[in-house]
Structure formats: structure tokens, C-alpha cells
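Residue numbers start from 1 in every chain, and the chains themselves are labelled A, B, ... in the order their sequence lines are given, proteins ahead of strands.
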Protein chains: 2
Amino acid sequence: MKRRPKTITIQDVARKAGVSVSTVSRVLNWKSDVSEETIEKVRAIVRELGYASSLAARGMRSHRTNVIGLIMPDVASPYGHEVMRGVNRAIANLDKDLLIYTSGSWEKEDIDYYERSYVMLLNGGITDGAIVVTPTSTHFRTHAPLVIIDPNTETPDFPAVISTNREGAFAAMNYLTGLGHRRIGFITGRLILASANQRLQGYKDGLAAAGIPLDEELIAIGDYSTEVGITCARRLLSLADRPTAIFAANDMSAMGVYQAARELGLHIPRDVSVIGFDNLREAVYLNPPLTTVDQFLEKTGMVATEMLVKLAAGEPLSLENNLYTIPTQLVIRDSCARPLPCAG
Amino acid sequence: MKRRPKTITIQDVARKAGVSVSTVSRVLNWKSDVSEETIEKVRAIVRELGYASSLAARGMRSHRTNVIGLIMPDVASPYGHEVMRGVNRAIANLDKDLLIYTSGSWEKEDIDYYERSYVMLLNGGITDGAIVVTPTSTHFRTHAPLVIIDPNTETPDFPAVISTNREGAFAAMNYLTGLGHRRIGFITGRLILASANQRLQGYKDGLAAAGIPLDEELIAIGDYSTEVGITCARRLLSLADRPTAIFAANDMSAMGVYQAARELGLHIPRDVSVIGFDNLREAVYLNPPLTTVDQFLEKTGMVATEMLVKLAAGEPLSLENNLYTIPTQLVIRDSCARPLPCAG
DNA sequence: CTGTTAGCGCGTTCAA
DNA sequence: TTGAACGCGCTAACAG
């Protein structure tokens with residue numbers, strides 16, 4: 001069973017080169033006080049053996065690995081992908097690598113999933129710091145640099161990047177009411193998350209600003225997924241007094257609305273207007289192209305990375321309240337129209 | 001500067017619980033020979049302190065972490081995302097976590113980028129094994145389980161998952177020639193990769209099967225990116241004797257053809273037929289929806305994960321030639337038509 | 001049942 | 001310029 005080539009350690013290199021381990025270590029770390037001759041010899045052996053120092057052992061000692069950590073609930077969602085794109089892009093220009101940690105599903109997280117994962121990565125210093133995406137808790141305990149994307153509190157313990165969720169939702173509502181809509185359905189996000197609540201607040205504020213009374217029946221509890229979005233939309237669109245527009249808390253849910261509308265033979269935007277939130281890559285391809293609130297996720301990832309790199313380099317950030325805010329922006333496409341005069 | 005709460009180690013827990021480190025370790029690893037009372041006490045402290053064992057140290061000792069490694073050239077490409085989706089999905093059902101390692105760009109890879117990265121992860125056992133995506137080299141030296149996706153050789157040293165690249169390209173060509181096309185342009189992939197060469201071969205074989213002589217002018221050297229795809233398509237579509245169809249080695253390049261065609265005022269599929277390879281999520285959204293060869297990337301990721309998990313559990317795989325083949329399949333949508341009678 | 005001891009593979013002193 | 005000794009946080013073997 002153990003017949004395969006055994007893991008190669010720095011010792012193997014040292015032995016084969018006829019020097020001590022510390023000499024090899026110095027060669028690898030570009031220390032200056034080694035003879036040319038030895039350097040050559042060692043490098044040759046290193047190449048020959050295909051040796052590379054273990055991240056684990058190296059990080060544990062030197063407390064510096066040039067690796068950035070990214071901790072995500074899952075790595076399959078379009079949301080996550082956008083953030084990853086940004087981080088990836090930032091990292092690509094740097095002399096650093098990226099390590100993404102995930103359990104593959106936010107359903108698997110118990111309360112302190114994040115606590116555990118970030119600690120596992122950072123303790124012993126596998127990474128020089130980490131970006132944590134949409135943590136439910138914010139009570140991290142570490143000395144290593146940490147940047148949070150979309151934290152669940154307005155006063156996070158660590159530097160964080162946030163979007164203007166409430167304002168973005170408010171802008172979407174203004175657009176809808178400006179178009180003449182008065183019965184507007186809302187599909188919420190995962191209400192454990194602050195972002196979901198802020199968007200809900202934006203919805204309510206938008207209603208209030210237009211003098212429209214809140215009708216609880218028009219609020220459907222979603223979870224940011226397309227599947228539940230479909231269910232929510234079905235209910236909303238089957239109401240006796242059907243809404244003339246639906247505001248989905250994210251684009252994935254909005255795609256659910258598209259699906260439900262198709263099932264019910266409803267045309268978008270003629271029979272029902274739809275507006276989303278996120279501006280995923282897919283939004284522009286939908287039929288009709290989706291009007292939505294852009295929250296610049298890719299930029300969010302880039303900014304978070306830059307912040308983390310600064311932090312890891314020991315530079316200060318000087319942010320107010322630890323918060324870097326990325327303003328949202330309404331992107332108008334073809335999924336909204338004035339309500340039919342006969343309706344309502 | 002060092003005022004933040006210091007990293008919490010198993011020692012802190014032991015001290016506060018009034019027991020030894022090894023006792024804590026046993027509690028954490030569910031060893032049976034600990035008294036109920038001690039277990040309670042230790043667990044309480046662990047929660048209170050928010051302690052989690054460091055992946056680095058743990059892996060180094062126990063050589064088992066329940067973490068799967070995934071090594072990718074970059075994490076931003078749709079190709080990579082599809083694979084990740086598959087791996088993520090497989091992992092979500094398992095009691096394992098996922099660690100993705102990337103340098104953010106395949107341009108940054110020197111020859112042995114992969115050698116280094118896999119060793120760094122595996123040595124010292126941060127992960128229990130790894131999936132390596134499109135490595136240019138296949139000479140890995142490790143005792144840990146490894147599964148390769150799209151290896152660069154037909155006889156890899158490790159279990160690998162591959163697609164029928166040549167056959168898929170051949171099918172695409174048959175479709176095109178069956179439609180009556182005789183001048184068919186081809187945009188290659190990154191020719192360092194085996195997949196790119198196999199698809200090129202499929203193109204040539206398809207030409208031969210239809211009795212069409214090969215015209216080197218109709219082959220443009222791409223690199224799987226949209227940007228270069230645009231450049232290639234511009235040249236192809238500006239030819240005096242313009243091709244009536246273009247076969248792009250992947251969907252990203254095909255999107256470049258869409259762009260170039262638009263620039264030149266050419267209509268797809270009336271003026272030029274386009275066919276891709278991959279069947280990315282985006283393909284169906286394009287206008288017109290892209291006819292392409294599906295290579296089931298998500299499934300590829302899932303299969304690779306399942307193979308790796310088996311390997312890590314010590315079970316044999318019994319694959320012929322170490323190869324698991326996923327057959328490609330032509331997906332016909334609306335981007336191809338018969339060539340205009342006047343053309344050619 | 002629990003504590004003590006010995007490393008895992010590496011980087012970092014400090015003498016030589 | 002080099003090498004031996006030590007420590008990182010943790011687990012496994014062996015005592016008690």
C-alpha cells in the first residue's frame with residue numbers, strides 16, 4: 001500500500017545534496033549567505049526531485065505564505081462566482097496565490113461553521129489572512145487580517161465591504177412606483193442575512209414614499225434561490241388581486257419569477273413587471289433582459305482583496321466604522337413596463 | 001499592533017479546562033476513553049473560546065483532514081466554474097470540505113506551477129488528495145490520491161477524467177457539412193493543451209470525411225478566450241472567400257465570433273453559421289442560442305470528486321488505462337443554418 | 001481514564 | 001558559510 005513514491009521533504013533534498021537542511025532552506029528562501037556552488041547544486045536537486053515545501057509546515061513556522069484565503073458558503077452560486085471573479089482578478093496581478101475554502105453548502109453550516117473554517121485556515125498560518133463571505137456571525141477571534149464581505153451587522157469587528165442594500169431596493173421601488181405600479185409583490189432573501197432585511201426595508205420604504213399601504217400578503221419569504229423563488233412567484237401571481245409587478249430580492253429569485261410567469265401564461269413585462277437585485281452576468285441574457293439593481297459583486301471581490309493585501313502588509317486602512325461601501329445602481333432593461341390600465 | 005486577541009491553540013483550551021492537551025485532543029477526535037464529565041467541560045471551553053484546530057498542524061500529524069483539494073489555473077472562467085459546480089455538488093453531500101487552490105491566471109504558471117501547488121497542499125497533508133484541472137504536465141510525484149481532469153496525455157500516470165474531444169468535434173463538423181457547408185473556419189484552443197489538438201483533429205477528420213480539402217487559411221490560432229476569439233473571427237470573416245460557417249473550439253471563442261459578426265454586420269445564422277464546444281450555461285442565452293458540443297463539465301467535476309473520494313478511502317478504481325471517459329454530445333440550437341445558395 | 005513523551009516537516013536562531 | 005538544536009500546534013504511543 002505504501003509502495004508509491006513517498007512524500008519528498010526538505011531532508012531528502014539535503015541528504016541528496018550532501019548539505020544540511022538549513023542550507024537548503026536558505027537557498028529556497030533566497031538568503032544571500034550561501035555559496036554560488038551550493039546554490040546550484042541544491043536547485044538542481046530540488047528540480048530533479050520535484051520538491052516543494054509544504055504549505056502547512058512552512059506557514060506554521062514562518063507565519064507568512066503569500067496565500068490569500070477566501071471562505072465561502074458555497075462555490076456554485078452565481079453570486080459566489082461573481083465575487084470569486086473579482087478576487088481572482090485582483091490576485092492575478094499580484095505575486096500571491098488564492099486558497100478558497102468551502103463546505104459546499106450553506107445548509108451544512110451549523111452556527112459556527114465560519115468560526116471553525118477561518119480558524120483552521122489561519123491558525124498555523126496556511127494563509128496570510130482571509131476574506132469571509134456573508135458570515136452569519138461576526139465574532140471572529142484572530143490576530144490575522146480578516147475582511148468581511150456583506151457582514152451581518154452594521155458594526156462589524158473587522159473591515160468589511162458592503163453594498164447599499166436598502167438604498168438600492170428603494171431605488172428599484174421608486175422606479176416601479178414611478179411607472180405607475182401600486183400593487184407590488186416582494187420576494188425576500190434569506191432573512192437570517194442582513195442584506196435580505198435591508199432590501200426588505202427598502203421595499204417598505206419605497207411603498208411608504210409612494211403612499212402605498214403595506215399589504216403583508218404581497219410579501220413572500222424566499223431564500224435567494226431560484227427554486228423557492230418559483231414557489232413564491234406562483235403564490236403571488238395566483239392572488240385574486242394579482243400584483244402588477246414583482247420585486248425579487250436577488251436575480252436568482254427573479255429568474256424564478258420568469259419561470260412561474262411562463263407557467264401561468266403571463267407575459268413579462270406586459271402582464272407583470274419584474275425587477276431583480278445583483279445584476280448577475282445572466283441578467284442581460286434573460287428574455288426579456290432583466291431590469292435589476294447592480295451591486296458590483298466583482299468589484300466587491302477586488303476591493304476586499306486589496307484591503308486584505310494592505311492589511312497583511314501591515315498598512316492601515318482608515319475606514320470609517322470599518323466599512324467600505326459600494327453604491328448600488330439601478331440598471332434598466334426590458335422587464336418592467338407601465339401596468340395595464342385595466343388591471344388594478 | 002499585537003493587541004488583538006491572540007490565536008487560540010489547543011493549549012489555551014487545556015489550560016483553561018485544567019486538563020492536558022492530549023485529553024483535549026481526544027475529546028475533539030471523539031475518542032471513547034474519556035469521562036463524560038471531562039468531555040462536557042472541554043466542549044464548553046472550546047465553545048467559549050471559539051477554538052478550532054488548525055488544519056495545518058492537524059494534517060501534518062494525522063495525515064487525514066477530510067478536506068478535498070482542487071487545483072485550478074484560474075477560478076474566474078466559465079469553464080472552471082462549471083467544474084467547480086460539479087465538485088461543489090459532490091462535496092455538499094459528503095462529510096468533507098473543499099479547498100481550491102489557484103494562482104488566478106494560467107499566464108502566471110511557469111512550467112511546474114502545478115507540481116508546486118499540489119505538493120504544497122498534499123505534503124504535510126492539508127488535503128486528503130486533490131483534483132488537478134488541465135495540467136500541462138502530468139509528472140506528479142506523490143503518494144497521495146490524485147485525479148486529473150483533462151490531462152495532457154492519453155496515458156496519464158494518475159486516474160483521469162476526459163471527454164471525447166475528437167469525436168465531439170467530428171460530430172460538429174458532420175452536422176455542418178450535412179447542412180451543406182464546405183468552407184468552414186476553425187478557431188483553435190490553446191494548442192499546448194491536448195484537448196485543443198484533439199478538437200483540431202476532429203475538425204480535420206470532419207473535413208476529410210466530407211471530401212473537403214484542408215485550407216490552412218481557414219484555421220485561426222486561438223487560446224480559448226473571447227478576446228482572441230474576436231480577433232480570429234475578424235480575420236476569418238474578412239477573408240475574400242469568406243467561410244459560411246465557423247467552428248470555435250470552445251464556447252468562449254464562439255462568443256467572440258458573435259461579437260465579430262455583429263461588428264461586420266453579419267447575421268447569424270443567415271450569413272454565417274457558428275458552432276461551439278462546451279455548452280456553457282451562457283450558450284442557451286446567446287442570441288441566437290448557440291449550437292454547441294456538450295462536454296458535461298459539471299458531471300466531470302462530480303465524477304472526479306467521486307473517484308478521488310474512493311481513492312482516499314483506499315478503494316480501487318479499476319479503470320482501463322486510468323481513464324474515465326465522458327462522451328460529448330451535440331446540442332443543436334439556432335446558430336447554424338444551410339449556407340446561402342449565392343455564397344460559395 | 002488521564003498525563004507525559006515523541007515526533008510530523010519546516011524555518012529560525014545561534015554557535016562553530 | 002554551515003549545521004545542530006529548538007519550536008510551531010497537534011496527535012499517537014506509552015505510561016501511570
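- Candidate nucleotides dT4(C), dC10(C), dC10(D) were compared by shortest atom distance to the side chain of S20(B), and dT4(C) ranks first.
- The phosphate of dG3(C) has OP1 or OP2 within less than 4.0 Å of a side-chain N or O from T23(B).
- The side chain of I10(A) approaches dC10(C) more closely than any other nucleotide in the set dT2(D), dC8(D), dC10(C).
- When atom types are taken as modelled, the side chain of D12(B) and the backbone of T9(B) share a donor-acceptor pair closer than 3.5 angstrom.
- Projected onto DNA chain D by closest heavy-atom contact, V21(A) and T38(A) fall at different nucleotides, the more 5' of which corresponds to T38(A).
- Among the protein residues, S22(A) comes within range of the nucleic acid bases, having at least one heavy atom under 4.0 Å from a base atom.
- Residue R61(B) contributes atom CZ, which lies 13 Å from atom P of dC10(D) at whole-angstrom precision.
- Not a single donor-acceptor pair under 3.5 Å links the side chain of D97(B) to the backbone N or O of V67(B).
- As a whole-Å value, the separation of I126(B) CD1 from dT11(D) P is 15 Å.
- A close approach under 4.0 Å does not occur between any side-chain nitrogen or oxygen of Y51(A) and OP1 or OP2 of dG9(C).
- Straight-line distance from the CD1 atom of I39(B) to the C1' atom of dC1(C): 11 Å, rounded to whole Å.
- Residue S25(B) places at least one side-chain N or O under 4.0 Å from the OP1 or OP2 atom of dT11(D).
- If you measure from atom CG of N29(B) to atom C1' of dT11(D), you get 7 Å, rounded to the nearest angstrom.
- D128(A) places no side-chain N or O within donor-acceptor distance of the main-chain N or O of A312(A), the cut-off being under 3.5 Å.
- T9(B) has no side-chain polar atom (N or O) that falls below the 4.0 Å cut-off from OP1 or OP2 of dC8(D).
- Atom-to-atom, CZ of R15(B) to P of dG3(C) comes out at 14 Å; the value is rounded to the nearest Å.
- Taking the six-membered ring for Trp and thresholds of 30 and 60 degrees, H81(B) and H81(A) have nearly parallel ring planes, at less than 30 degrees apart.
- The side chain of S62(B) approaches dA12(D) more closely than any other nucleotide in the set dA12(D), dG9(C), dT2(C).
- The distance between atom CE of M60(B) and atom P of dG9(D), rounded to the nearest whole Å, is 10 Å.
- Rounded to whole angstrom, the span from the CZ atom of R64(B) across to the P atom of dA12(D) amounts to 12 Å.
- Closest non-hydrogen pair, G301(A) versus I149(A), comes out as CA-CD1, 4.4 Å.
- A close approach under 4.0 Å does not occur between any side-chain nitrogen or oxygen of K31(A) and OP1 or OP2 of dG11(C).
- In this structure, CD of Q11(A) is placed 11 Å from P of dG11(C), rounded to the nearest angstrom.
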